[in-house]
Protein chains: 2
Amino acid sequence: MHKDMILRLTKYYRILHKLKTLGLERVFANNLGDAVGVNAAVVRKDFSLLNIMGQKRGGYEIENLITDLDKILGKDKPQRAVIVGCGRIGSALMRYSGFAVDGIHIAAGFDINPAVCEDQHCPIPIYPMDELERFIQEEQIRVGIITVPEQASTEIFNRLRAVGIRGFLNFTPIELKVSRPAGTGAPIIIHNVNIALELEHIFYELNITENSEITAQLYGS
Amino acid sequence: MHKDMILRLTKYYRILHKLKTLGLERVFANNLGDAVGVNAAVVRKDFSLLNIMGQKRGGYEIENLITDLDKILGKDKPQRAVIVGCGRIGSALMRYSGFAVDGIHIAAGFDINPAVCEDQHCPIPIYPMDELERFIQEEQIRVGIITVPEQASTEIFNRLRAVGIRGFLNFTPIELKVSRPAGTGAPIIIHNVNIALELEHIFYELNITENSEITAQLYGS
DNA sequence: CCGAATACGTGAAAGTTATCACATAAATAC
DNA sequence: GTATTTATGTGATAACTTTCACGTATTCGG
């Protein structure tokens with residue numbers, strides 16, 4: 001499947017909501033293309049593949065488009081997740097207000113350190129680690145955010161998998177992955193967010209644009 | 001150019017350091033491929049394109065490989081960045097210990113709120129916003145991490161650009177981008193990290209594997 | 001009611017990236 | 001010293017994505 005298409009869909013979705021609040025009713029492939037940074041043909045093709053049809057001249061109706069994307073993106077169901085590891089990053093995510101606007105709800109946080117469980121005015125409960133399995137099963141959570149220290153990552157990953165978590169957002173520098181080949185059993189979705197890696201990437205790109213030796217090597221001698 | 005190659009290089013680089021600390025001296029394309037999750041041929045081709053040669057049977061010498069990647073990834077120069085916006089996420093990043101091991105140094109943080117500037121035992125100084133330009137110019141910083149609220153993102157982006165920042169790591173949900181076409185003047189590198197988007201992506205993928213209607217639409221009727 | 005303009009829908013072409021497969025060199029075994 | 005094994009190096013191939021380009025339906029003007 002078109003790997004980046006899902007990402008584009010979520011971006012369209014956001015733009016559409018913003019356009020809607022501005023009072024617009026229709027949107028053209030060119031508008032969405034500009035906003036997301038892709039060619040208009042990509043937008044049309046994306047929708048075409050999803051059997052989303054516009055009007056031959058009037059573009060796409062924002063309201064309908066949002067409804068369709070709601071269904072495709074799974075927004076009609078509750079989108080709940082837990083955060084495991086309430087250190088710096090975990091705590092910051094728990095208090096991040098951006099999730100709510102996207103319909104994502106952090107159901108709870110977990111940490112080995114009971115001190116953080118006593119947290120001041122945090123609206124989301126933080127439980128000790130031994131309640132992890134019970135909570136996830138009772139609440140039927142399927143997505144987990146891993147913000148534990150590096151050395152604990154695979155252990156937490158396995159615990160979460162064992163209790164039915166199937167979607168992972170991993171902030172540890174360890175690249176989590178499933179060993180068995182895709183297609184066997186229920187699929188596991190893992191996204192690794194590695195901030196240091198992103199920064200390195202940026203430094204590299206800056207470096208390459210200034211270093212003609214390397215540039216020559218890469219962009220054709 | 002091979003878009004994902006840079007990302008792979010940084011991943012190789014990490015693995016290599018870990019293998020080195022374990023006492024290994026050589027590594028095979030298959031090792032790196034397994035660790036990074038790609039085919040061994042990709043690894044060989046990556047190195048081949050960079051004119052990095054191994055031994056015909058003995059694999060690659062880790063020490064040499066690291067040295068080569070050091071140069072290619074720009075690790076021989078100091079990798080310094082500033083953080084603009086010291087809220088939840090910004091503060092968490094400032095105290096993140098993972099940067100140091102990758103040779104990245106956060107030179108300073110900036111915030112409109114003087115209160116956070118009085119921060120307790122934070123090893124990195126936090127300055128008020130009006131010192132932004134002076135500091136960046138004096139210290140010759142070229143990479144900025146934007147962790148301000150959404151509505152301030154483009155303003156900060158422009159200020160940073162004006163003062164010579166050329167690499168951006170953007171954590172606001174606004175997708176920053178340069179208007180003028182690539183190739184004009186010094187290139188600007190922007191990486192957008194959108195955590196909510198990543199989560200949405202996961203929910204979508206989980207959804208699609210359970211929703212046969214949509215699956216059928218996408219994976220061939 | 002007809003022609004011009006517009007923007008979608010989509011098959012085909014172009015471009016890009018990953019995979020395969022085999023020649024090649026080095027080390028090991030006998 | 002020769003045969004065998006191993007893992008690289010790379011041209012060719014395959015798979016995938018994006019872009020192009022043109023047919024088509026719809027709206028608007030007169």
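In the text below, chain A, chain B and the rest are named by the order of the sequence lines, each starting its count at 1. On a predicted model such as this, the values are computed, not experimentally measured, just so you know.
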(message) Nearest whole Å is fine: how far is D:dG11 C1' from B:Leu49 CG?
(response) 12 Å

(message) Short of 4.0 Å, heavy atom to strand atom, which residues of residues 9-34 of chain B count as contacting DNA chain C?
(response) none

(message) Whole angstroms only, please: what is the CG-C1' distance between A:Asp46 and C:dC8?
(response) 14 Å

(request) For the residue pair B:Ile106 and B:Leu93, establish whether any side-chain heavy-atom pair is separated by less than 4.5 Å. (result) no

(request) Applying ring-ring contact (aromatic ring centres under 6.0 Å, His included), name anything that partners B:Phe28, two or more places apart in sequence or on another chain. (result) none

(message) Please give me every residue in residues 53-62 of chain B whose heavy atoms get under 4.0 Å of an atom in DNA chain D, ordered by residue number.
(response) B:Met53, B:Gly54, B:Gln55, B:Lys56, B:Arg57, B:Gly59, B:Tyr60

(message) Tell me whether the side-chain N/O atoms of A:Ser48 come closer than 4.0 Å to OP1 or OP2 in C:dT10.
(response) yes

(message) Counting C-beta onward and ignoring hydrogens, is there a side-chain heavy-atom pair between B:Val27 and B:Tyr12 closer than 4.5 Å?
(response) no

(request) Return the value, rounded to whole Å, for the distance between atom CG of B:Asp4 and atom C1' of C:dT19. (result) 15 Å

(message) Could you check whether any side-chain heavy atom of A:Phe168 comes within less than 4.5 Å of a side-chain heavy atom of A:Arg161, counting everything from C-beta outward?
(response) yes

(message) Whole angstroms only, please: what is the CE-P distance between B:Met5 and C:dA18?
(response) 10 Å

(request) Enumerate the residue pairs fulfilling salt bridge (charged side-chain N to carboxylate O under 4.0 Å, His left out) with a member in residues 13-24 of chain A, sequence neighbours excluded, ordered by first and then second residue. (result) A:Arg14-A:Asp102, A:Arg14-B:Glu200, A:Lys18-B:Glu150, A:Lys20-A:Glu63

(message) OP1 or OP2 of D:dG9 versus the side-chain N and O atoms of B:Arg44: is any pair under 4.0 Å?
(response) no

(message) Is any side-chain heavy atom of A:Val143 closer than 4.5 Å to one of A:Ile189?
(response) no

(message) Between C1' on C:dA21 and NZ on B:Lys45, what's the gap in Å once rounded to a whole number?
(response) 11 Å

(message) Within the 4.5 Å heavy-atom criterion, are B:Ile195 and A:Ile145 side-chain neighbours or not?
(response) no

(request) Apply the side-chain contact (heavy atoms from CB on, under 4.5 Å) test between A:Met129 and each candidate in A:Ile156, A:Val148, A:Asp111; give the one that qualifies. (result) A:Ile156

(request) Sequence neighbours left out, what passes salt bridge (charged side-chain N to carboxylate O under 4.0 Å, His left out) with B:Glu133? Give chain and number order. (result) B:Arg159

(message) Using the side-chain contact (heavy atoms from CB on, under 4.5 Å) definition, which of the options A:Thr147, A:Ile89, A:Leu169 pairs with A:Val193?
(response) A:Leu169

(request) Please check the phosphate of D:dT18 (OP1 and OP2 only) for any side-chain N or O of A:Arg8 closer than 4.0 Å. (result) yes

(request) Please report, rounded to the nearest Å, how far the C1' atom of C:dG9 is from the CG atom of A:Asn51. (result) 12 Å

(request) Would you mind reading off the distance between B:Leu7 atom CG and C:dA18 atom C1', rounded to a whole angstrom? (result) 16 Å

(message) Give me the stems containing DNA chain C, sorted by first residue, counting only three or more consecutive Watson-Crick or G-U pairs with both distances under 3.5 Å; say none if there aren't any.
(response) C:1-30 with D:1-30

(request) With the side chain counted from C-beta on, respond yes when A:Asn31 and A:Val43 share a heavy-atom pair under 4.5 Å apart, and no when they do not. (result) no

(message) Quick check for you: among D:dG9, C:dT19, D:dT19, whose closest atom lies nearest to any side-chain atom of B:Val42?
(response) C:dT19

